[in-house]
Amino acid sequence: QVQLVESGGGSVQTGGSLRLSCARSEDVNSGFCMGWFRQAPGKEREGVALINTGDRTFYSDSVKGRFTISQDGAKNTMYLQMNSLKPEDTALYYCAAGGRFSCGYTTAWSVDAYDYWGQGTQVTVSS
């Protein structure tokens with residue numbers, strides 16, 4: 001049974017924008033924290049942005065000021081608005097839910113902290 005479904009990936013040029021969406025099925029508990037992670041070829045999966053049930057947000061230094069995470073509780077959907085995209089943002093982007101730690105903890109940035117993952121959506125930024 002599919003529980004998290006990402007959409008919105010694509011190919012853009014440097015400076016462009018994309019908006020990713022993550023639809024969460026009713027039986028998926030958001031947990032203490034949800035977020036977006038990404039994995040570039042040959043690299044480990046890394047946290048990009050986190051959000052808690054109170055809409056408090058957290059960002060990695062690499063995307064701060066360019067990306068915005070948000071959620072629509074009524075639609076069980078989480079978003080990642082990505083502006084001023086750079087070639088180094090190219091990666092497979094995953095949404096995660098069911099975080100076992102508060103977003104404010106360092107452990108919330110670990111892939112091991114989440115119970116649910118989507119299948120990923122590709123973002124490619126060309127120079």
Side-chain angles (χ1 to χ4, degrees):
Q1 180 180 353
V2 177
Q3 297 175 309
L4 291 176
V5 179
E6 302 100 335
S7 61
S11 296
V12 296
Q13 292 187 328
T14 297
S17 297
L18 285 172
R19 188 192 194 204
L20 305 184
S21 298
C22 173
R24 176 166 56 90
S25 59
E26 291 287 343
D27 58 344
V28 172
N29 191 326
S30 63
F32 293 105
C33 187
M34 297 188 295
W36 288 95
F37 288 70
R38 67 186 180 187
Q39 187 166 19
K43 295 188 177 181
E44 293 186 353
R45 193 174 300 187
E46 63 174 0
V48 173
L50 306 178
I51 188 167
N52 65 14
T53 54
D55 288 335
R56 188 176 178 189
T57 59
F58 304 80
Y59 299 94
S60 68
D61 288 342
S62 61
V63 306
K64 198 172 296 182
R66 300 188 297 122
F67 290 11
T68 302
I69 187 172
S70 62
Q71 63 184 330
D72 183 335
K75 296 181 180 179
N76 285 342
T77 303
M78 182 172 63
Y79 304 97
L80 185 68
Q81 176 67 43
M82 305 186 295
N83 298 328
S84 302
L85 283 162
K86 306 175 181 180
E88 51 263 44
D89 294 318
T90 295
L92 192 58
Y93 282 71
Y94 298 89
C95 65
R100 296 188 292 278
F101 303 95
S102 170
C103 292
Y105 289 169
T106 301
T107 47
W109 294 96
S110 169
V111 297
D112 295 328
Y114 297 86
D115 291 330
Y116 305 100
W117 290 89
Q119 80 288 352
T121 185
Q122 179 67 38
V123 171
T124 302
V125 184
S126 58
S127 57

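Values reported hereafter were calculated over all heavy atoms of this structure, with side chains retained and with hydrogens, waters and symmetry mates removed. Nothing fancy with the numbering, it's 1 onward along the sequence.
- Salt-bridge formation is not detected for the pair Lys86/Asp89: no Lys NZ or Arg NE/NH1/NH2 atom is positioned less than 4.0 Å from an Asp or Glu carboxylate oxygen.
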Next on the checklist: side-chain contact (heavy atoms from CB on, under 4.5 Å) for Thr53 and Ser30? Distances and angles first, verdict last.
Outcome noted: CA-CA 8 Å; Thr53 54; Ser30 63; 3.7 Å; yes
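- The side-chain tip of Arg24 does not point at the ring of Tyr116 from less than 6.0 angstrom away and within 45° of straight on.
- Side-chain atoms of Trp117 do not come within 3.5 Å of backbone N or O of Leu4 as any donor-acceptor pair.
- Side-chain N or O atoms of Arg100 include one that pairs as donor or acceptor with a backbone N or O of Asp112 at under 3.5 Å.
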Item to check | Criterion side-chain contact (heavy atoms from CB on, under 4.5 Å) on Gln119 and Glu6, from CA distance to verdict | outcome: CA-CA 7 Å; Gln119 80 288 352; Glu6 302 100 335; 2.8 Å; yes
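- The cluster map of Ile, Leu, Val, Met, Phe, Trp and Tyr, joined by side-chain heavy atoms under 4.5 Å apart, puts Leu85 and Val48 in the same cluster.
- Ring centers of Phe37 and Tyr114: under 6.0 Å apart, within the cut-off.
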Checklist entry - What's the verdict on side-chain contact (heavy atoms from CB on, under 4.5 Å) for Lys75 and Ser21, showing C-alpha distance, side-chain angles and the deciding distance? => result CA-CA 11 Å; Lys75 296 181 180 179; Ser21 298; over 6 Å; no
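- Other residues, nucleotides and ligands contribute only 12 or fewer heavy atoms inside 6.0 Å of the CD atom of Gln13.
- No donor-acceptor pair closer than 3.5 Å links the side chain of Tyr79 to the backbone N or O of Thr68.
- With hydrogens and angles ignored, the 3.5 Å screen pairs a side-chain donor or acceptor of Thr90 with a backbone N or O of Val125.
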